[in-house]
Amino acid sequence: MLNGKTGIGFRKDFEEDFLTGTILKPYFIEVAPENWIDMGGYWKKIFDKVTERYPLTCHGLSLSLGSPDELDWDFLKKLKVFLKQYKVQLYSEHLSYAKCDNAHLYDLLPIPFREDAVKHIIERIKTVQDFLEQKIAIENVSYYTPVAAEMEEYTFISEIVNGADCRLLLDVNNVYVNSFNHKYDAHDFIKRLPLDKVAYMHMAGHLQVEEDLIIDTHAENIIDPVFDLFDYTIQLVKPVPVLLERDYNFPEFEQLQGELNRLQKICNNAWIPQHAAAN
Amino acid sequence: MLLQTDTKKIQSKLSDYCRTGENTLTTEVNQKRVHHYRRLVYNIIDDILQSAFPVFYGFADTKLWDDMVNTFYSNHACSTPQIWKLPGEFYQYACENDFKEKYKLPYLEDLLLFEWMELDIHTMKDEEYPAYKTKGDWNTDVIAINPEYRILSVKYPVHTTHPSEIKTDNPSQYFILIYREPETGRVQFIDISVLYALTIEKIEEEKSITEIVEELQPVFNFPDKAFAQEQIINFCKDLQKKEFVLGFRKQ
Ligand SMILES: [Fe+2]
């Protein structure tokens with residue numbers, strides 16, 4: 001069981017420490033299936049070794065749940081095989097779109113917060129869940145401009161999660177980034193989400209690029225206010241796996257493990273009764 | 001379709017802007033911020049192509065490179081959900097749209113192909129190895145070869161010569177055997193002659209070297225067939241040391 005445990009996104013840069021080193025000690029790892037499906041040779045060997053050592057969660061990039069395009073069935077078929085092969089019980093995707101007019105963009109674009117989009121996405125999530133024969137978790141994404149929005153972001157997320165009966169991957173850093181960029185109260189926002197559906201959480205660093213704009217880079221250390229928001233949030237949800245996302249600009253592994261330790265400590269305090277009592 | 005035309009249109013406009021840099025959105029988005037999407041998306045594409053084609057990227061001047069990437073990304077609908085396969089689409093696009101003519105770089109297709117193949121062979125799905133034994137008769141047995149390879153045929157020596165030194169006035173023909181070492185997964189390439197390229201093709205057809213020499217006799221008119229056979233066997237023995245030839249097929 002990974003609930004209440006902390007993991008890290010597996011990057012090729014971590015290969016050696018994961019297999020032979022002693023610094024990074026995640027309970028589990030996360031990968032984007034797109035990066036590993038069909039992969040052979042050297043990296044396949046490494047991937048197989050790493051996944052023998054650590055439980056695996058998957059966080060997709062290309063499903064493009066918010067896209068006007070059809071679902072990509074060829075990809076979904078490969079995905080299903082991959083999830084079975086590596087015994088992945090937790091597969092998540094983004095509440096965004098990454099493909100439009102049959103062209104992949106390889107990044108996450110914000111969906112118009114609108115009622116027709118809600119209905120469209122609910123149907124797509126249901127279709128995907130039926131096909132994969134498992135519930136998926138969808139993630140609240142960071143965004144830099146609203147796009148023709150007709151409802152609040154929390155309403156958009158809640159209606160979709162409840163309507164599709166899927167799970168929520170709550171990215172606390174994304175809430176922080178959005179609350180800063182769009183000037184709302186992060187605590188209030190979190191309280192309005194369907195917290196009973198949270199099945200997974202993400203934490204990451206970001207970069208402030210303008211006076212009033214933060215970009216979600218996954219390339220910096222997590223800042224204290226995001227740790228605080230995380231602490232606040234996990235008091236409101238049942239124990240779930242927690243992932244540290246670090247994709248670029250890697251610090252010393254000791255620093256990364258330090259962040260994992262700090263997250264784990266916050267989880268233990270909130271989620272293990274005797275810890276809370278002892279403190 | 002539950003999505004309304006208006007919503008779809010807005011989504012298309014945003015994705016078009018990311019691909020082309022031409023912004024047709026108005027009040028639907030925050031104009032002061034939307035450019036970040038174009039920047040972020042473009043950087044992702046640029047990065048993946050830079051790292052896939054390091055030799056060409058290092059050689060091309062920035063304007064030329066940017067123009068190629070922009071032309072590709074704004075006009076081509078990227079079809080793979082897996083971005084590490086995208087350099088293959090770039091190569092194809094460059095061929096189909098005659099980049100070598102457009103940019104006056106006759107060797108461009110050869111160079112892009114060579115760089116893409118190094119990457120493609122490194123990451124390609126594991127192929128099933130043939131059943132083989134290490135001892136056998138070089139003349140009469142069928143040679144077993146490593147299935148993770150390609151033979152490229154190019155007009156310019158892009159595998160041995162830096163683009164700045166390639167002479168574009170006399171194209172010739174080169175064959176490059178490019179393959180993945182079974183244990184390390186490292187990619188190796190060897191410049192081979194047309195005779196050896198054809199030999200490997202015949203080995204794929206499960207011919208023994210004796211049969212191959214017979215079949216190639218009309219093409220090459222070997223003055224001394226026994227000598228030609230010996231040469232081919234030496235070539236195969238050398239490839240065995242290089243982990244391309246595995247041994248001899250088990251029947
Ligand atoms: Fe995330």
Side-chain angles (χ1 to χ4, degrees), chain A residues 32-46 60-64 66-68 72 74-75 78-79 97-112 114-124 143-150 181-182 209-210 212-213 215, chain B residues 1-19 25 27-37 39-45 48 73-86 89 121-127 148 180-187:
Chain A
E34 284 82 356
N35 292 342
W36 297 97
I37 286 173
D38 289 346
M39 177 69 74
Y42 177 79
W43 284 109
K44 162 97 164 84
K45 288 189 181 107
I46 296 293
L61 293 169
S62 70
L63 211 52
S64 199
S67 173
D72 181 343
D74 288 340
F75 176 73
K78 285 184 180 184
L79 175 67
Y97 71 112
K99 185 183 177 212
C100 195
D101 302 314
N102 274 317
H104 282 276
L105 294 147
Y106 310 106
D107 206 356
L108 309 170
L109 303 192
I111 306 163
R114 292 176 158 199
E115 204 54 59
D116 59 329
V118 168
K119 292 200 183 99
H120 173 67
I121 294 167
I122 287 174
E123 282 314 303
R124 285 162 75 87
Y143 61 103
Y144 312 121
T145 168
V147 182
E150 292 175 353
N181 289 345
H182 311 297
V209 294
E210 286 164 27
D212 61 350
L213 185 71
I215 301 281
Chain B
M1 170 70 83
L2 297 160
L3 212 52
Q4 287 178 4
T5 318
D6 180 47
T7 307
K8 267 200 269 185
K9 251 193 206 151
I10 295 168
Q11 291 192 272
S12 279
K13 279 185 185 180
L14 179 59
S15 89
D16 276 352
Y17 172 45
C18 290
R19 287 172 57 195
L25 293 150
T27 53
E28 304 96 323
V29 294
N30 178 336
Q31 290 292 344
K32 274 204 292 206
R33 288 183 178 176
V34 71
H35 68 93
H36 286 288
Y37 281 103
R39 175 179 68 81
L40 292 166
V41 165
Y42 186 84
N43 285 347
I44 289 172
I45 302 299
I48 196 88
Y73 194 53
S74 34
N75 295 298
H76 172 72
C78 298
S79 73
T80 175
Q82 301 178 268
I83 194 169
W84 51 279
K85 297 180 183 176
L86 190 65
E89 291 187 28
I121 300 283
H122 187 249
T123 52
M124 72 188 273
K125 254 185 171 170
D126 295 348
E127 294 267 343
E148 291 161 347
R180 186 160 85 192
E181 288 178 355
E183 286 311 311
T184 64
R186 267 199 300 262
V187 172

**Item:** Sequence neighbours excluded, every pair satisfying salt bridge (Lys or Arg N to Asp or Glu O under 4.0 Å) that has a member inside residues 1-11 of chain B
**Value:**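 For residues 1-11 of chain B: A/Arg114-B/Asp6.
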Please flag which part of [X] lies under 4.5 Å from any non-hydrogen atom of chain B: side chain, backbone, both or neither.
{"X": "A/Glu210", "result": "side chain"}
{"X": "A/Asp74", "result": "neither"}
{"X": "A/Lys99", "result": "neither"}
{"X": "A/Lys119", "result": "both"}
{"X": "A/Phe75", "result": "side chain"}
{"X": "A/Val209", "result": "side chain"}

Which portion of [X] sits near chain A, non-hydrogen atoms under 4.5 angstrom:
{"X": "B/His36", "answer": "side chain"}
{"X": "B/Leu25", "answer": "neither"}
{"X": "B/Glu181", "answer": "neither"}
{"X": "B/Thr7", "answer": "both"}

**Message:** Do the side chains of A/Asp107 and B/Arg39 get close enough for a salt bridge, i.e. N-O under 4.0 angstrom?
**Reply:**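 No, this pair does not count.
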Measure the [atom1]-[atom2] distance between [X] and [Y] for me, rounded to the nearest 0.5 Å.
{"X": "B/Gln82", "Y": "A/Asp38", "atom1": "CD", "atom2": "CG", "answer": "5.0 Å"}
{"X": "B/Asn30", "Y": "A/Tyr143", "atom1": "CG", "atom2": "OH", "answer": "11.5 Å"}
{"X": "B/Asp16", "Y": "A/Cys100", "atom1": "CG", "atom2": "SG", "answer": "7.5 Å"}
{"X": "B/Thr123", "Y": "A/Lys44", "atom1": "OG1", "atom2": "NZ", "answer": "13.5 Å"}

Identify which of [options] forms the greatest number of heavy-atom pairs closer than 4.5 Å to chain B.
{"options": "A/Leu61, A/Ile111, A/Asn181", "result": "A/Asn181"}
{"options": "A/Asp72, A/Ile37, A/Ile122", "result": "A/Ile37"}
{"options": "A/Glu123, A/His104, A/His120", "result": "A/His104"}

If you count heavy-atom pairs under 4.5 Å between each of [options] and chain A, which one has the most?
{"options": "B/Leu86, B/Ile44, B/Val187, B/Ile83", "result": "B/Ile83"}
{"options": "B/Lys125, B/Gln11, B/Met124, B/Gln4", "result": "B/Gln11"}
{"options": "B/Ile10, B/Thr80, B/Ile121", "result": "B/Thr80"}

**Asked** Parallel, tilted or perpendicular: which fits the ring planes of B/Tyr37 and A/Tyr144, with parallel below 30° and perpendicular above 60°?
**Response**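 Aromatic pair B/Tyr37/A/Tyr144 classed tilted.
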**Request:** State which residues pass side chain to side chain donor-acceptor pair (under 3.5 Å) with B/Glu127; sequence neighbours excluded, sorted by chain then number.
**Result:**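 Checked B/Glu127 against side chain to side chain donor-acceptor pair (under 3.5 Å); zero matches.
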